[in-house]
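Structure record follows, encoded as structure tokens.
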Amino acid sequence: MVLLAWKIHAGYQSDRQTALEQTRNFAQAMSAHVLSAIHLTDLALSRSAEALSVLDPDAMPPTATVGQLLATSGRALDTNFLVTFVDRNGIGVVSSNNLPISGVSYLDRPYFATRAASDNLGLYVGAPDIGRVSNRRTFFLSRRVMSNSGKFLGVVAAPIDASVIAEVFRNALFQPTLSIALVHSDGKIIARVPRFAESFAVDVTGSELFKEIKKSPSGSYEGVSMIDGNRRIFSYQTVPDLPLTVSVGIASTSWTNGIRDDLIAGAVALGVILIVLVFSGRYALASFDRLLTSETMQRGLNEQLRATKDELRRGEKRLWMITDNLPALVAYFDREERYTFHNSYYKTVFGMAPGELLGKTLREAFGETIYAQLKNEIAQALSGKPVDFERLIHHGGVDRYFKYVYTPDFTADGEVAGYYSMATDITDMKLIQDRLQRLARIDTLTGLPNRNKLYERLAEALARAQRNRSVLGCLYLDIDHFKQVNDTYGHAGGDAVLKQFGTRLQACVRQTDVVARLAGDEFVILLEGLAQADEVGRVAAKVIAAMKHPFQIEGETRLITTSIGVVIADAEVDNPDGLLKKADAALYNAKRSGRNAFETHQPDQPTA
Ligand code: GH3
Ligand code: MG
């Protein structure tokens, strides 16, 4: 826009300059023409005045003589030229073209009055007026006529036809917006083209032209024409020594046409730029909008993410709080059996700092022995089966019973990713249980009478045997290599064997016989009311034979054997403890002789 404005301004300035120069040159040329035209007429006037100076100032000038004189002096001029002589009283004498002016009074005419009133011998140039006789648009030139003796004779006057000057002006109009005017210093237009007829004698005293003339005899200005109201650039030139000014105007429209083209081109360019701007602006706004929207969305998502993360952190913290305050060992193991999480209860129980176990395996953290005690259950959990079990753990010089719960952790694909481990210290509970067990009469695992009940029954049986003089046999049994069963199948496997073992023992004896579990893998059978002592050995053999079928342990089969110590009670001397000691001694022999057999206590055999 600045460039365009600059370009238009420069164009305007240059066009204006051209217009100024054109009008100025033109005004000068026209002024020169007017000057020469007036000079020509004035020449004839001067000659006429000169010729008339021979007249007698005291006599009435003879019309014929004056006519003769005027015709001679005006001869050089064209046919339009006409000169009139008015005598010193203002009465027309003669005119060179024989107009009937003789006797007509011209006293009031300025061209006469001014020249009669003063002794000014110079040229008078009159204001525009309609000729009284000719009826033409004219202005008069006049000179004072003096006699040779220096007396005032009258005035010679010559009208100049304004239309002739206008015609010259009109022929000079090289373009239609041009205006040329000849203005009299008293304010009236003598000749102006175009609109010669309407503008003739119009008073333009109040015009800008007159303000300018007051400042300088020639110059230029921009203004509005009083005749046609058009805005123009004017140049004026005062005709030297005459009360006349030539003014040439050129309408702004003509020299602004060039600018108009520039304006149109500029406006089109600007329009194109504006359209491009609007579209690119709209595109930019739309992009900005999209950016803003996506940014807002992003911010919203970020907030959501942060909120979710916060919630997650809070949840995690809550979990930590819960697990840390739980009176249990809580841990998570990955597929490689490494700790990936453990709670602070590990510190309470084992003195392990929070996080100390992370990345370690159970074997690395607690040693081979404890790992061996748990590895079966670990394998089960990692195969996807939840397990719960109890185990006596010896660590750091302390024995503790733990109740374990292993819960497998599955991935979305159903694969085992690891397992959760929760171990509750049930040592106190176990102690109470043991105490209760001891107080109770029934063994909770096998449902058989326990040690207490056995002692009761044994005491009663001994008393009965003594009373009835009957045979009382006692079998003391211990499962062979039971530790291996525990090691292979775990404690639960061992328990299963103990239960089946008890059941098989019961099947080998009469209902009235007592089968009791003494402790661990030790069992006792009391055989009452036997007819013969050798029946006891037969029952022992039957028991050993009953173990020929393999046991079912966790879906597998395994042969279990037992060793038996056999004793026949001597009711006179035996008490429960003594009798069981003898049986134990026999058992010892059975074990020593290779197991899976029974040995009978010999009366001379020493007891432990
Ligand atoms: P041996 O042939 O010399 O008898 O060898 P063994 O391996 O059987 O040795 P022993 O009789 O000394 O071991 C008995 C084991 O029984 C020791 C103990 O860990 C285990 N035990 C004791 N009570 C229980 C129980 O209630 N359940 C299970 N599963 N095992 C028990
Ligand atoms: Mg044993």
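Along the sequence shown, the residues carry numbers beginning at 1. One-based numbering, in listed order, for ligands and for the atoms of each.
Within the structure, every pair that satisfies the salt bridge (Lys or Arg N to Asp or Glu O under 4.0 Å) test and touches residues 480-504, not counting sequence neighbours, is listed here: Asp480-Lys591. The stretch residues 379-393 participates, sequence neighbours left out, in these salt bridge (Lys or Arg N to Asp or Glu O under 4.0 Å) pairs: Glu377-Arg391, Asp388-Lys403, Glu390-Lys430.
Screening the protein for N, O or S atoms under 2.8 Å from the Mg ion (ligand 2) yields 3; no waters enter the count.
Within the 4.5 Å cutoff, the side chain of Leu374 has no heavy atoms near those of the Phe366 side chain.
Taking the six-membered ring wherever Trp is involved, the centroid distance between the rings of Phe482 and Phe501 does not fall below 6.0 Å. For Phe341 and Tyr420, the gap between ring centers reaches or exceeds 6.0 Å. Taking the six-membered ring for Trp and the full ring otherwise, Tyr332 and Tyr419 have centroids separated by 6.0 Å or more.
Annotation for Tyr371: atom OH counts as buried by contact number, over 12 foreign heavy atoms lying within 6.0 Å.
Using cut-offs of 30° and 60° on the angle between ring planes, the pair Tyr221 and Phe234 is parallel.
Near ligand 1, Asp478, Ile479, Asp480, His481, Phe482, Lys483, Asn486, His491, Gly494, Asp495, Leu498, Arg517, Gly520, Asp521, Lys591, Arg595 each place a heavy atom less than 4.0 angstrom from the ligand.
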- prompt: Which is it for Lys309 and Glu316 under the salt bridge (charged side-chain N to carboxylate O under 4.0 Å, His left out) test, yes or no, and what are the steps along the way?
  reply: CA-CA 10 Å; Lys309 272 186 184 164; Glu316 214 166 69; over 6 Å; no
